Structures are given as structure tokens and as C-alpha cells.
Amino acid sequence: MQQETVVLIVGAGPAGLATSACLNLQNIPNIVLEKENCCASLWKKRSYDRLKLHLAKQFCELPHMPFPQNAPTFVSKTGFIQYLDNYVSHFNVNPLYHRTVESAAFDVREGKWLVIVRNTLFNMEEKYEGKYIVVATGENSEGYIPNVPGLDSFHGEVMHSSHYENGKRFDDKNVLVVGCGNSGMEIAYDLSNWGAQTSIVVHNPVHVLTKRIVQLGMVLLKFLPCDMVDNIVLTLSKLKHGNLSDCGLQRPSKGPFYLKRITGRSPVIDVGTVRKIKAREIKVFPSINKIDGDYIQFANGGTKSFDAIVFATGYRSTVRKWLKEDGGLFNEEGMPKNRVPSHWKGENGLYCAGFSRGGLFGISNDAKSISQDICMVLGQQK
Ligand SMILES: Cc1cc2nc3c(=O)[nH]c(=O)nc-3n(C[C@H](O)[C@H](O)[C@H](O)COP(=O)(O)OP(=O)(O)OC[C@H]3O[C@@H](n4cnc5c(N)ncnc54)[C@H](O)[C@@H]3O)c2cc1C
Ligand SMILES: NC(=O)C1=CN([C@@H]2O[C@H](COP(=O)(O)OP(=O)(O)OC[C@H]3O[C@@H](n4cnc5c(N)ncnc54)[C@H](OP(=O)(O)O)[C@@H]3O)[C@@H](O)[C@H]2O)C=CC1
Ligand SMILES: O=C(O)C(=O)Cc1c[nH]c2ccccc12
């Protein structure tokens, strides 16, 4: 006899996989719906070649499966993909691929979620039902490119960081990276290594740390208050990098771990970009005013021509495009209304995993909280 699906999970990234694994361990029937042809599509298809986990492996593991002892402290992209593929087989997670969720709504009469899915392999509509639904489509669902005046007139190549693989075909080209988050800073470094004349737009203050300093900070946070940890990591970072304001990099007035906690914004973990900026191998520009043909004009009045622009300007959640209600959970931007740790549970059996802005560590906590909650509610109903 076929078991009735109890939980529908939308998205087979780390969050969907971890939630399914936790439910499988409790024998709670679930289905994972994934629009791509593989799991962890961000890692397999939408991230640059030289990507490594920025946080030490103990902060990046999913529930119930540590990284192998012989894995390096900072796991490579291929190592992480291997880990996820092992995770999927170990916990018998079987996502349904080529399934794009187009709408989900709660049927009050039936007390169920009704989900309409496009099977893109056969271009047909499918319907699924579940008592619970877990949104695991991620904070990084689609690349965001700002509305820059004149962008349409730009003659060169324009891409989002999620489509950047490496700088091979940009050697000797003039490339502008817009955005100085972790993607922008690392892509600028990669482009410069491949021989591109590289520039980066830095429009706001930014914290630049190193992976070792962040690792120390993460450990210290277990014992010390956040402001004390921020003082320690900032002192270490100033010793390491010196004063960067001459190079166009200002530090925010609030500390890096405080900002991570309150705004979710991650500090930049330097991979070597700072040395290149100091050596003027990578040029820093302020905000873009406008684009005219090949020429880009900056807020300081400077103008320069470029062959290509990489927008490393972040991502947006897409859940509000298909979830037909906010479910008491999501704001207009498709992010949780409530602050961590009250962010993962909505109304009528709606949950979200992977929206805490806490990276893989946050994802692991969400998956455990959601599976425990569903297990408890089902237990009460028996
Ligand atoms: C470049 C990059 C590097 C990162 N590195 C780290 C790191 O080192 N450490 C860390 O802790 N965090 C890191 N993060 C943050 C975070 O951990 C990752 O983004 C992680 O992949 C998020 O997992 P997720 O499952 O929530 O979302 P995703 O990995 O984005 O998975 C969501 C899945 O949902 C699918 N989907 C979307 N919409 C639909 C739909 N309508 N129907 C069906 N399927 C759908 C997508 O195809 C995708 O496979 C990184 C993020 C980025 C962008
Ligand atoms: N190895 C790793 O672990 C890596 C992890 N990541 C993680 O992935 C997530 C996404 O990172 P990322 O892709 O860098 O996106 P982010 O959202 O973290 O960064 C986007 C950057 O673009 C800037 N920006 C936005 N709009 C404009 C604009 N109009 N002009 C100029 N700058 C602009 C933002 O500045 P502001 O916010 O001030 O507006 C910010 O600095 C983060 O959590 C990050 O830490 C990413 C890469 C590698
Ligand atoms: O890679 C990211 O953006 C993350 O969100 C991971 C993360 C969680 N907590 C942090 C603290 C400092 C730097 C990165 C992270």
C-alpha cells in the first residue's frame, strides 16, 4: 500500500535535503519537489569554480552526518557536493526532479496544502497534496541586478555572479564587478588572477575579516558576549589588514557578528582581494551614476570604459511568486517576518527552512526544528 504523503518540501538544496532526511529518520512520509535535474543546484550549477566553504566544516554539516574526519577544515565546492550526494543516499532522500512548483495554497475545507507543479520534462501539470509544506527554495533563489540607468545601452557582456564560472575568457579584458559581498570580492580576485583589468564597485561600508578570524569568532561566541567577540575580531582584522579607508573600504560603525545577527549580512571573508586592492591591482570605485555605451560614470565623477560587468549584487527569495498567501510567515520580500529563532513556523502547517540568514548552520537548525515540530504534532494527533 502506498503511504500518504504528509509533508511536501519545495526545493532540493541543503535545506530541503536536510529536512527530508530528518523526516525520514522519523518515518514521516515526505516528497521533495525540485525544479532542476539535480539536488543542490546552486552548488552544482550556479556557483563559481574556486568556491570553498568559508566556515570551518563543523559549522557547515547537515543534521546527523558530520564531514569525514580526513576532510579539510575548509571544504572545497566539489567536497561539499560529494558530501551532499552521500547525504542524499545515506538518508534515502529521493527528490522528484524537473518539478517547478507554480502555486501552493491551503484548502481550509480539506485541511491540506494543494500544490500545482509543472513537470518540465513532459511539460504537463501535476497536483500534490500534503498536510504540511516546507518552503526550502532559499534566500538565493534568483540573482538580483539593480536598475542602473543606461544599463541597456552597455555594449559589453553583463552577467550575474551566479553565472560566473572563472575568469578564463576575460583575460586582458576590462571588467567591472559591482558589489563587494563575498561573491564580488572573490570574483574580483579570480578575474585579476586570470589577467583581467579588474575594478570593483563598493557603495557602502563593509567588514573584511579572514576565515581564521571568523572561525575564532564563531568559537568565542559560545563563551563571550557578541560585542566582546566583535572587539576581538576587529582588533585582529586591523592587525592583519591595517587601515583600508585609503583604498576605498570603510568599516561599518557596528561590529561584524552584531550585524550578522541583526541584519543577516555576512562580513567579507578575504581570500586575497585586499592585498590586490592595496597593490592597486584591483581598483575600487564608488556607486555607478549611469552607463552610456561602453562608458560607466561613477558617483565621484570618474568615467571609465569596460568590456564586461559582473553584478555580484546579491539574490532575492522567490517564494511570494508561487505561495498564494503569506501564511503568517513571509513578508513582501519573501523573507520571514519574525526574527530568528521564531522565523521557521507559520500557520496551517507551513514551515520554511533556510531563511534564517545563518548559512548552513542555520539550515541545519531549521531542519531539526521543523521535523521535531511535525513529529510532535503528528504524535498528538494519533
Ligand atoms: C555562492 C554562495 C556560497 C555560499 N557559501 C556558504 C558557505 O560556505 N557556508 C554557509 O554556511 N553558507 C553558504 N552560503 C549560503 C547558503 O548556505 C547556501 O546558499 C545554501 O545553498 C542554501 O541552501 P538552501 O537549500 O536554503 O537553498 P538553495 O541551495 O538555493 O536550494 C534551493 C533549491 O530550490 C529549488 N527551487 C527554487 N524554486 C523552486 C520552485 N518554484 N520549485 C521547485 N524547486 C525550486 C532550486 O532549484 C534549488 O535547488 C552560500 C551561498 C552562496 C550563494
Ligand atoms: N565561500 C563562501 O562561503 C561564500 C559565501 N557567500 C554567501 O552567499 C550569500 C550571497 O553573497 P553575495 O552573492 O556576495 O551577495 P550579498 O547580498 O552578500 O552581497 C551583495 C553586495 O552587493 C552590494 N550591492 C547591492 N546593490 C548594489 C548596487 N546597486 N551598487 C553597488 N553595490 C550593490 C551590496 O551592498 P549593500 O548590502 O551594502 O547594499 C553587497 O555588498 C552571502 O550570505 C555570502 O556570505 C558568497 C560567496 C562565497
Ligand atoms: O556564508 C554565509 O553567508 C553565511 O551566512 C555563513 C555564516 C553564518 N554565520 C556567519 C558569521 C560570519 C560569517 C559567515 C557566517
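On a predicted model such as this, the values are computed, not experimentally measured, just so you know. Counting starts at 1 for both ligands and their atoms, following the listed order.
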Checklist entry - Are any of the N/O atoms in Asn182 less than 3.5 Å from those in ligand 3? => result no
Checklist entry - Can you tell me the protein heavy atom closest to atom 3 (O) of ligand 3 and the distance? => result Ser266 OG, 2.6 Å
Checklist outcome for this item: Among non-hydrogen protein atoms, atom 7 (C) of ligand 3 lies closest to Leu55 CD1, 3.4 Å
Checklist outcome for this item: Here the atoms of ligand 2 under 4.0 Å from any heavy atom belonging to Ser183 are 11 (O), 12 (P), 13 (O), 14 (O), 46 (C), 47 (C)
Checklist entry - Where the closest heavy atom to atom 21 (C) of ligand 2 is concerned, which of Gly184, Ala312, Ser161, Gly358 has it? => result Ala312
Next on the checklist: Which residues end up grouped with Leu96 if you chain together Ile, Leu, Val, Met, Phe, Trp and Tyr wherever their side-chain heavy atoms are less than 4.5 Å apart?
Outcome noted: Leu8, Val10, Ile31, Leu33, Val101, Phe106, Val108, Trp113, Val115, Val117, Tyr128, Ile133, Val135, Val319, Trp322, Leu323, Leu329, Phe330, Met335, Leu350, Phe355
Item to check | For Tyr97, ring pair (Phe, Tyr, Trp, His ring centres under 6.0 Å) partners two or more places apart | outcome: none
Next on the checklist: Could you check whether any heavy atom of Tyr48 sits closer than 4.0 Å to an atom of ligand 2, since that is the contact criterion I want to use?
Outcome noted: yes
Item to check | Distance from atom 11 (C) of ligand 3 to nearest protein heavy atom, with residue and atom | outcome: Phe257 CE2, 3.7 Å
Checklist outcome for this item: If you compare Thr263, Ile200, Thr313 by their heavy atoms, the one closest to atom 27 (C) of ligand 2 turns out to be Thr313
Next on the checklist: Heavy-atom contacts with ligand 1 below 4.0 Å: which residues, ordered by chain and residue number?
Outcome noted: Val10, Gly11, Ala12, Gly13, Pro14, Ala15, Leu33, Glu34, Lys35, Glu36, Ser41, Leu42, Trp43, Arg46, Leu51, Leu53, His54, Arg99, Thr100, Val101, Ala136, Thr137, Gly138, Asn140, Ser141, Tyr315, Trp322, Gly354, Gly359, Leu360, Ile363
Checklist entry - Protein heavy-atom contact under 4.0 Å for atom 23 (C) of ligand 2? => result yes
Checklist outcome for this item: By ring pair (Phe, Tyr, Trp, His ring centres under 6.0 Å), Phe170 pairs with (sequence neighbours left out) none
Item to check | Enumerated ligand 3 atoms positioned under 4.0 Å from heavy atoms of Pro267 | outcome: 12 (C), 13 (C)
